[in-house]
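If you're wondering where the values come from, they're calculated on a predicted model, not measured in any experiment.
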Amino acid sequence: QVQLVESGGGLVQPGGSLRLSCAASGSIFSINAMGWHRQAPGKQRELVAGITSDGKTIYSDSVKGRFTISRDNAKNTGYLQMSSLKPEDTAVYYCNARLVATTYWGQGTQVIVSS
């Protein structure tokens with residue numbers, strides 16, 4: 001099985017930056033795609049960003065230009081660099097990794113943007 005562990009969440013002031021990490025471990029041959037979703041209180045989980053094995057990226061309109069997704073294939077680790085954070089970015093952020101036939105999810109890391 002594959003396990004995903006997010007880290008890097010915390011409290012940050014508006015306009016600040018934070019980098020989330022998602023470390024994958026276990027039985028991994030290759031990760032086809034990695035992504036980040038978030039869920040704010042009272043809202044549905046939404047896509048934040050995704051990246052394929054060949055480096056193609058997608059972003060939600062709400063974070064485009066502020067967030068950057070990347071991955072270190074050698075470490076089986078994904079990252080989400082968040083800049084110019086806004087209070088509306090407050091949410092639990094979940095990483096996911098898609099392998100050949102299965103998508104795995106981490107437990108999430110809390111991000112609170114507040115002064």
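Atom OG in S83 sits 11.5 Å away from atom CZ in R19 (nearest 0.5 Å). Atoms CG and CD1, on D89 and I112 in that order, are 12.5 Å from each other to the nearest 0.5 Å. Rounded to the nearest 0.5 angstrom, Y59 OH and I69 CD1 are separated by 6.5 Å. Between the CD atom of Q3 and the CD1 atom of I28 there is a distance of 8.0 Å, given to the nearest 0.5 Å. Rounding to the nearest 0.5 Å places CD1 of I31 at 4.5 Å from CG of N76. Here the CD atom belonging to Q39 is positioned 11.0 Å from the CD atom belonging to Q110, to the nearest 0.5 angstrom.
Both L99 and M34 belong to a common hydrophobic cluster when Ile, Leu, Val, Met, Phe, Trp and Tyr are linked at side-chain heavy-atom distances under 4.5 angstrom. L20 is not connected to V92 by any chain of hydrophobic side-chain contacts under 4.5 Å among Ile, Leu, Val, Met, Phe, Trp and Tyr, and they are in different clusters. Under the 4.5 Å side-chain heavy-atom criterion for grouping Ile, Leu, Val, Met, Phe, Trp and Tyr, V48 is not connected to Y79 through any hydrophobic cluster.
Remark: the backbone N or O of T109 is not paired with any side-chain donor or acceptor of E6 at under 3.5 angstrom. Judged purely by atom type and a 3.5 angstrom limit, T77 uses its side chain to pair as donor or acceptor with the backbone of K75. Checked by atom type and distance alone, the side chain of S53 never pairs as donor or acceptor with a backbone atom of A33 at under 3.5 Å.
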*side chain to side chain contact (heavy atoms under 4.5 Å, CB included) between T52 and N32, worked out*: CA-CA 6 Å; T52 63; N32 293 332; over 6 Å; no

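When only modelled atom types and interatomic distance are considered, R71 and N73 share a side-chain donor-acceptor pair under 3.5 Å.
Heavy-atom minimum distance, A49 versus L80: CB-CD1, 4.2 Å. Smallest separation of non-hydrogen atoms from T103 and R98: OG1-CG, 3.6 Å. The nearest pair of heavy atoms linking P14 to S114 is CD-C, 3.6 Å. Nearest heavy-atom pair across Y104 and L4 is O-CD1, 3.2 Å. Between L85 and R66, the closest heavy-atom pair is CA-NH1, 3.9 Å.
Remark: E88 CD is packed, more than 12 non-hydrogen atoms of other residues, nucleotides or ligands lying under 6.0 Å away.
A side chain to side chain contact (heavy atoms under 4.5 Å, CB included) with V63 holds for exactly one of K86, E46, R38, M82; it is R38.
By the 4.5 Å heavy-atom criterion applied to side chains, Q107 and Y94 are not counted as neighbours. The shortest side-chain heavy-atom distance between S17 and Q81 falls under the 4.5 Å cut-off. A 4.5 Å side-chain heavy-atom check between W36 and C22 finds at least one atom pair inside the cut-off.
Below 30°, between 30° and 60°, or above 60°: for Y93 and F67 the angle between ring planes is between 30° and 60°, a tilted geometry.
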